[in-house]
Number of protein chains: 2
Amino acid sequence: MVRRTRFNDSDCPVARSVDAIGDWWSLLIVRDAFDGSRRFGEFQRSLGVAKNILTARLRVLVAGGILDVVPAADGSSYHEYVLTPKGKDLFPVIVALRQWGEGHFFEPDEPHSELIDRRRGRPLRALEVRSADGRRLDPDDTVVNKVDQPRTPAGTRPE
Amino acid sequence: MVRRTRFNDSDCPVARSVDAIGDWWSLLIVRDAFDGSRRFGEFQRSLGVAKNILTARLRVLVAGGILDVVPAADGSSYHEYVLTPKGKDLFPVIVALRQWGEGHFFEPDEPHSELIDRRRGRPLRALEVRSADGRRLDPDDTVVNKVDQPRTPAGTRPE
DNA sequence: CAGAATCCTATGCGATACTG
DNA sequence: CAGTATCGCATAGGATTCTG
C-alpha cells in the first residue's frame, strides 16, 4: 500500500526532506544538475542508470519542484532539466555530503572530483554549523525540541 | 550481483557518501542518534521500522564506522549505539537536510521538531557555503573538476 | 527489552526492445 | 538522441514468532 517507505507525515524536517528527494538516484541527479548536466543523455551517461529509472526520477523531481523542464537550448525538440530555486537550496546538502565523503572515503592522495570556487579555483571551506549569534556548534551543543514538547520545561531531562 | 545499487567505485565523494550511508533508514537512525537516541528500542519506536530492518541497518552503520556499540549505561546486558567521530561528521549533512525541509515543507506556522542551540535555546543559523577566503558562494559560483580533467586548462569551458 | 530467525510480498531497478 | 513500454529478478522491508 505504501508506494515506498514514506516519511512524509513526520514532523521532522529531515524526514520530509528525505521523502521529497525520493532516493539516492534522485540525489545524484541533483548533484549532476549542480555540476552542469542538463540533458537526459548527460544524466544517463554520468549515472549509468537505466533509462526508465532516469525517466521516472526526473519526473518525480520535476513534480516535486526541484527540477524544471525547459526547451532545449540547441533548438532541438527535447527538454533540458534545470534546478529550480528550491532545487538550488539543496546546495548545502550536496556540499555537506561531498565534504563528508572527501574526509572519510579517499586517501589523501587519491584523486576525486572536486568542487571549487570558480573565481579563485580553490576548494571550498568546510561547512560550519553555527548558532544564531555565530558561535560554532558541535552536535553536543545542540538539542532537538520534539513537537510534542514545545519547549524544555526548564531544566533539561532529569539526567 | 550487485547487492543493492552501489556507487562506491565512483570518484565522486557525494556518491561514496551516499553509498556509505546505505539508505534513508540509516540516515534517520543517524538523525536520531544526534537527537539523543542510543537504545535499540528508542530507534525502533522513533522510526517505526521493522526490527529486523533496524538490526540490519545498525549492523551496517557499526561496520561502516558511523556508530559504535558500547555496553548499556544502565548495567543491563544490552548495547547502546553512539556516534563515532566519523558519524558526528555527518552533522552538517543532517542540519542541511533539516534546514531544507524547514524551508520548503512546512507552513510558516506549522509545528515541527526543531534543532536549537542548547546554550541560548534558539534555532541555528542557516548553513552557508563559503570559499576558502570566506566569500559566500552560490551554486553558480562553483565548478566541479572532474578527475579526468585535473584542472581547467586555463579559461573555463568555451561557454 | 533487544535481537535473531523465517516467511512473504511489493517494487526498485536493470536489461532490452521499440518509437519519433 | 530522448524517451516509452515490457519483462523479470533480486531484495528491501513489513509482519510475525521465538529466545535470553
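So that the names make sense, note that chain A is the first sequence line, chain B the second, and so on, each numbered from 1.
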**OP:** Whole angstrom is fine here: how far is it from CH2 in A:W24 over to C1' in D:dT11?
**Re:** 18 Å
**OP:** Could you name each residue pair satisfying salt bridge (charged side-chain N to carboxylate O under 4.0 Å, His left out) that touches residues 82-103 of chain A, not counting sequence neighbours?
**Re:** A:K88-B:D140
Original post:
How long is the gap from OG on A:S131 to CZ on B:R125, to the nearest 0.5 Å?
Top reply: 7.0 Å
Original post:
Out of D:dG3, D:dC1, C:dG3, which has the shortest distance to the side chain of A:Y78?
Top reply: D:dC1
**OP:** Find the distance B:R38:CZ to C:dC1:P and express it as a whole number of Å.
**Re:** 18 Å
Original post:
salt bridge (charged side-chain N to carboxylate O under 4.0 Å, His left out) with A:E110: which residues, sequence neighbours excluded?
Top reply: B:R16
**OP:** Among D:dA2, C:dC13, C:dA2, find the nucleotide with the atom closest to the side chain of A:W25.
**Re:** C:dC13
Show the atom names and distances, to 0.1 Å, of all donor-acceptor pairs under 3.5 Å that link a side chain in residues 39-47 of chain A to residues at least two apart or in another chain.
from, atom 1, to, atom 2, distance (Å)
A:R39, NH1, A:D74, OD1, 3.4
A:R39, NH1, A:D74, OD2, 3.2
A:R39, NH2, A:S76, OG, 3.4
A:E42, OE1, A:R38, N, 2.9
A:E42, OE1, A:R39, N, 2.9
A:Q44, NE2, A:V49, O, 2.8
A:S46, OG, A:D32, OD1, 3.3
A:S46, OG, A:D32, OD2, 2.6

**OP:** Rounded to the nearest angstrom, tell me the gap between atom CD1 in A:I29 and atom P in D:dG3.
**Re:** 12 Å
Subject >> Integer-rounded Å distance: C:dG3 C1' and B:L58 CG >> reply: 10 Å
Subject >> Side-chain ion pair, A:D141 and A:R135, N-O less than 4.0 Å >> reply: no
**OP:** Establish, from distance only, whether the side-chain atoms of A:D23 and A:S26 form a donor-acceptor pair under 3.5 Å.
**Re:** yes
**OP:** Using both pair distances under 3.5 Å as the test, note the stems of at least 3 consecutive Watson-Crick or G-U pairs that include DNA chain C.
**Re:** C:2-20 with D:1-19
**OP:** Answer yes or no: does a side-chain N or O of A:R59 lie under 4.0 Å from OP1 or OP2 of D:dT4?
**Re:** yes
**OP:** Could you check which of D:dG3, C:dA2, C:dA4 has an atom nearest any side-chain atom of B:F40?
**Re:** C:dA2
**OP:** Taking only the side-chain nitrogens and oxygens of B:R39, find out if one of them lies under 4.0 Å from OP1 or OP2 of C:dC1.
**Re:** no
**OP:** Mind running a 4.0 Å heavy-atom check of residues 43-56 of chain B against DNA chain D and sending the residues that fall below it, in number order?
**Re:** B:V49, B:A50, B:N52, B:I53
Original post:
Looking at A:H79, does any N or O in its side chain come under 4.0 Å of the phosphate oxygens OP1/OP2 on D:dG3?
Top reply: yes
Subject >> Residue pair B:D68 / B:Y81, side-chain heavy-atom distance below 4.5 Å >> reply: no
Original post:
Once you round it to whole Å, what is the distance between C1' of C:dC13 and CG of A:D23?
Top reply: 10 Å
**OP:** For A:R120, enumerate each residue passing the side-chain hydrogen bond (donor to acceptor under 3.5 Å, both in side chains) test, keeping only those at least two apart in sequence or located in another chain.
**Re:** B:D133
Original post:
Between B:F105 and B:W100, what is the ring plane arrangement, given parallel below 30°, perpendicular above 60°, and tilted in between?
Top reply: perpendicular
Original post:
Should B:R57 be listed as having a side-chain N or O under 4.0 Å from OP1 or OP2 of D:dA12?
Top reply: no
